[in-house]
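Structure record follows, encoded as structure tokens.
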Amino acid sequence: MDSSDEVTSGPVPMDDGDAEQVSAEQEDMSSTGGQALSRGAVVAMGVSAKSALPSARIKTIMKSAPESMATGADAVFLVSRATEYFIASLTQKAHEAAGNSECIEYRDLSDAVNTQSSLRFLNDVVPKKVRVRDYLSSLQPPR
């Protein structure tokens with residue numbers, strides 16, 4: 001493995017230019033007709049071969065699936081990059097739900113999940129907050 005194939009495990013700071021880079025990288029990926037790309041092909045396309053997520057943990061998660069198969073380095077890398085794109089997209093939608101505020105709160109994530117049809121699968125993971133008294137009153141039969 002040469003230095004361009006190294007995978008970092010720390011967080012990667014995002015700025016406004018990163019969202020544009022993500023869009024450009026998604027367009028590059030879609031131009032392949034949905035074919036799987038190796039790490040070398042991704043690097044040849046001008047996309048960074050570094051990942052912000054630890055590959056060992058991704059591999060462990062991939063192997064924990066009951067229908068898991070052999071997980072090669074390219075598959076782990078591509079799942080890692082897809083996860084990064086998903087996190088970037090979720091963060092962008094939460095930022096928009098926050099009214100482009102400098103700070104994203106749980107409420108903003110919850111609003112994004114509940115208003116975006118593409119994120120509805122996360123309703124159980126990121127539910128709207130409910131106060132205990134409101135929940136308990138909803139359990140009471142109507143008078």
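Being a predicted model, the structure only gives us computed values, none of them experimental.
In terms of heavy-atom proximity, Cys103 sits nearest to Ala98 at O-CB, 4.1 Å. In terms of heavy atoms, Ser55 sits closest to Val76 at O-CG1, 3.6 Å.
Taking CG from Leu53 and CZ from Phe77, the interatomic distance works out to 11.0 Å, rounded to the nearest 0.5 Å. The CG atom of Leu119 sits 9.5 Å away from the CG atom of Asn114 when rounded to the nearest 0.5 Å. Rounding to the nearest 0.5 Å gives a distance of 11.0 Å between CG of Leu78 and CD1 of Ile58. How far CD1 of Ile104 is from CG of Leu90: 8.5 Å, rounded to the nearest 0.5 Å. Atoms CE and OG, from Met62 and Ser80 in turn, are 10.0 Å apart once rounded to the nearest 0.5 Å.
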Check step by step if side chain to side chain contact (heavy atoms under 4.5 Å, CB included) holds for Glu84 and Ser51.
CA-CA 8 Å; Glu84 288 177 32; Ser51 175; 2.6 Å; yes
For Lys128 and Asp111, what are the C-alpha separation, side-chain angles and deciding distance, and is it a salt bridge (Lys or Arg N to Asp or Glu O under 4.0 Å)?
CA-CA 7 Å; Lys128 283 202 172 278; Asp111 288 346; 2.7 Å; yes
Apply side chain to side chain contact (heavy atoms under 4.5 Å, CB included) to Val113 and Arg120, showing your working.
CA-CA 6 Å; Val113 166; Arg120 292 267 163 80; over 6 Å; no
Would you please test Glu96 and Lys93 for salt bridge (Lys or Arg N to Asp or Glu O under 4.0 Å) and show each step?
CA-CA 5 Å; Glu96 291 167 2; Lys93 289 175 182 176; over 6 Å; no
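Ser89 places no side-chain N or O within donor-acceptor distance of the main-chain N or O of Phe86, the cut-off being under 3.5 Å. At least one donor-acceptor pair closer than 3.5 Å links the side chain of Ser64 to the backbone N or O of Ile61. When atom types are taken as modelled, the side chain of Ser110 and the backbone of Tyr106 share no donor-acceptor pair closer than 3.5 angstrom. Distance alone, capped at 3.5 Å, is enough to place a donor-acceptor pair between the Thr60 side chain and the Ala56 backbone.
By the rule that hydrophobic residues join a cluster once side-chain heavy atoms approach within less than 4.5 Å of another member, Leu109 and Phe121 end up as members of one cluster.
A donor-acceptor contact closer than 3.5 angstrom links the side chains of Asn100 and His95.
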